[in-house]
Amino acid sequence: MAEQTTIWSFHGGLHLEGHKSESTTRPIQRLPLPSRLTLPMQQHIGHAAEPLVQVGDQVRKGQQIAAASDYISASVCAPTSGRVVAIGAAAIPHPSGLQDACIEIEPDGEDSWCELPPPISDYTSATATELRERIRWAGIVGLGGAAFPTSVKVNVSGQRPIETLVINAAECEPYITCDDMLMREQAGDVIDGIGVVRHLVGARQVLIGIEDNKPEAADALREAIASRGDATEVVVVPSLYPSGGEKQLIQLLTGEEVPSQGVPASIGVLCLNVATTVAVADAVLRGRPLIERIVTVTGQGVRQAGNHRVALGTPIDFVIEHSGGYSDAMHRLILGGPMMGFTLHNDQVPVTKATNCLLAASREEAPAAHDERMCIRCGECAKVCPALLLPQQLYWQARAHDFDKVQDYHLFDCIECGCCAYVCPSHIPLVHYYRFAKTEIWTQEREREKSDIARRRHEARQARLERIEAERKARLRKKKEALEEKTDKPGTDPKKAAIEAAMQRVAAKKAAQQAESQTSSE
Ligand code: SF4
Ligand code: SF4
C-alpha cells in the first residue's frame with residue numbers, strides 16, 4: 001500500500017539538536033537483577049495500587065503484588081521471584097524528593113515465573129472486554145512518559161467510533177532513544193501489538209508517526225508490515241520538537257485539531273505510544289505482564305551511553321553503575337529529556353514504568369539557570385507555543401495567583417513542552433509557573449470537593465433532625481386526638497372535662513354523706 005504523503009503542520013515548535021546517536025551505537029543490553037527491587041504503588045496517573053502481599057511473602061515473577069484500586073489505576077506485578085522484605089514509604093523518583101508507598105522485594109536468584117494466563121493468540125475472536133481486562137491485569141500504562149492506564153485509554157465504548165489509530169513513534173525530545181531502539185529490534189512485536197489494539201478499538205486505519213531522524217526504525221517497521229501483509233502506514237514527519245506531543249502528532253498526521261481540553265477520541269482518534277503496543281502484545285499474545293522497560297542512559301556525565309532492558313524497581317544508581325558509572329563531566333542527573341524532564345537529587349530511587357531516560361548531563365548540556373528578569377512582552381514565547389497559547393499571559397496570571405484568569409487563558413491545554421521558556425530572553429522559568437498554577441488549582445479543587453462533601457453531610461444531618469422533630473410532633477398530635485376522642489363531648493377541652501368529672505364525683509360524695517347523717521338522726 002502506498003504511504004500517505006500528506007503531512008500537515010502545527011503551530012510553533014523548535015528545531016533542537018537531537019543528540020540521538022550517542023546512545024544508539026550498540027544494541028539494547030539486558031541489565032542483571034539488583035539485590036533489591038523497590039516498586040512504588042503510584043507509577044501511573046490515577047489512584048495508587050493496593051498491596052496484595054505482606055512482608056515475608058514469597059512471590060514469583062509475574063505475580064500480581066498490588067491491584068488497581070480504582071477504574072483509573074494500574075496493577076503492579078513482581079519483576080522476578082523473591083521475598084517481600086518491606087512495605088512502606090521509600091524514596092521515589094519525583095521532583096519533590098518525597099517518599100511514597102512501595103513494596104520491596106529481595107530477588108531469590110531463581111527468576112521463576114508464576115502461572116501465567118494463557119495467550120489469547122486468536123485475539124480477533126476475543127471480546128473487547130476480555131482484551132481490556134488482560135491489559136488491566138498486566139498493569140500496562142502509557143510508556144511514552146505519561147503513564148496513563150492503557151485499559152482506560154482503549155475503553156472507547158460510548159464514545160464516537162475510532163476512525164484512526166495513531167501510533168506515537170516520534171520520540172521528539174533530544175537524547176531519548178528507547179523507542180527508536182525498540183522499533184529497530186522488535187518491529188514485529190510493535191506491529192503485532194498494533195493489530196490487537198486496532199481490533200480492540202475497531203479503528204479503520206493505523207498511522208505510525210515517526211520523525212525523520214530514525215530511518216533504521218522506519219525501515220524495520222516497513223519490513224515487519226510487509227511480512228505480515230498489514231495495512232498500517234509509516235508516516236515520516238520532519239524532526240521538530242514537540243512533534244511527539246499527542247495533539248501535535250495527531251494534527252501532523254490527520255490535519256485535525258483535538259479541541260481545547262478535549263481528548264482525541266472526541267474526533268475519532270486514539271493515540272498510543274509505540275512501546276505501549278509492545279506491552280499489549282506481551283500481555284495478550286504471551287500472557288506476560290509489564291515488569292520491565294527500556295531505559296536510555298545518556299549524556300556526557302556517564303561513561304557508556306546506551307539503552308538497557310531494566311526490571312522495574314531497579315535502583316537508578318545500579319543502572320548508572322552498569323553504564324560504566326559517572327564520568328568526571330557529570331553535573332546534573334535528569335529523569336527524562338532536557339526539555340520535559342526533571343532533576344533527580346537522589347539516584348537511589350527506582351526505575352518505574354514512566355522512566356524513559358536518564359540524562360547524566362554535563363555543565364554544557366544542562367547549564368545553570370540564568371537569573372530571571374522581568375518579562376519584556378516581546379512575544380517570542382507565543383511564536384513557538386505548539387498549543388497556540390499566550391505563554392506570557394499565563395505567566396502574568398500565574399504569578400499574580402489569579403487562578404481563574406489563568407484558566408481563561410487555557411492553562412490546562414499547556415503540555416509543558418518548555419518551548420516558551422527555551423526562547424524567553426528574560427530567562428523566565430515559565431513552565432515552573434504553569435506547574436505551580438496547575439498544582440494550586442488541583443489543590444483548591446480537592447479542598448472544594450472536601451468542603452462540598454462536608455456541606456452535603458451537614459445538610460443531610462439537618463434534614464434528618466428536622467424529620468425526627470416532625471415525626472415527634474406528629475406522634476403528640478395523634479395522642480391528643482386520641483384523648484379527645486375518649487371524652488363524650490368531642491371538641492371539649494380534656495382538662496376541663498376531667499375537672500368537671502372530679503367535681504361531680506365530690507358533689508355525689510357530699511350528697512351521700514348528707515343522706516347518711518339524716519338517716520342516723522331519724
Ligand atoms: S518570551 Fe519571555 S520576555 Fe518575551 S513575552 Fe514571553 S515571557 Fe515575556
Ligand atoms: S510549555 Fe505550555 S505555554 Fe509553553 S510553549 Fe509549551 S505548551 Fe506553550
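FYI, side chains are in, hydrogens and waters are out, and symmetry mates aren't considered; it's all heavy atoms of this structure. This is a predicted model, so every value here is computed, not measured.
Heavy-atom contacts from other residues, nucleotides or ligands closer than 6.0 Å to CD of E223 number 12 or fewer. Other residues, nucleotides and ligands contribute more than 12 heavy atoms inside 6.0 Å of the NE2 atom of H427. Atom NE2 of H47 sits in a sparse spot, with 12 or fewer heavy atoms from other residues, nucleotides or ligands closer than 6.0 Å.
Between the R309 side chain and the R30 main chain, no donor and acceptor come within less than 3.5 Å of each other. The backbone N or O of T296 sits nowhere less than 3.5 Å from a side-chain atom of H308 that would complete a donor-acceptor pair.
Contact check for V406 versus I441: side-chain heavy atoms found under the 4.5 Å cut-off.
Summarising the geometry of R26 relative to A305, their closest heavy-atom pair is NE-O, 3.5 Å, with the distance given to 0.1 Å. When all heavy atoms of A78 and I291 are compared, the pair lying nearest together is O-CG2, 3.5 Å.
For H322 and F318, the gap between ring centers is short of 6.0 Å. Aromatic ring centroids of H432 and Y434 lie 6.0 Å or more apart. In this structure, F412 has its ring center closer than 6.0 angstrom to the ring center of W442.
For Y326, the ring pair (Phe, Tyr, Trp, His ring centres under 6.0 Å) criterion is met by no residue, not counting sequence neighbours. Legend: residues meeting ring pair (Phe, Tyr, Trp, His ring centres under 6.0 Å) with H19, ordered by chain and number and at least two apart, are Y175.
When only modelled atom types and interatomic distance are considered, S73 and D70 share no side-chain donor-acceptor pair under 3.5 Å. Checking T177 against N307 by side-chain atom types alone, a donor-acceptor pair falls below 3.5 Å.
Ion pairing of D189 with R286 is present here, as a side-chain N (NZ or NE/NH1/NH2) and a carboxylate O approach within less than 4.0 Å.
In this structure, OG1 in T276 is found 8.5 Å from CD1 in I167, a value given to the nearest 0.5 Å.
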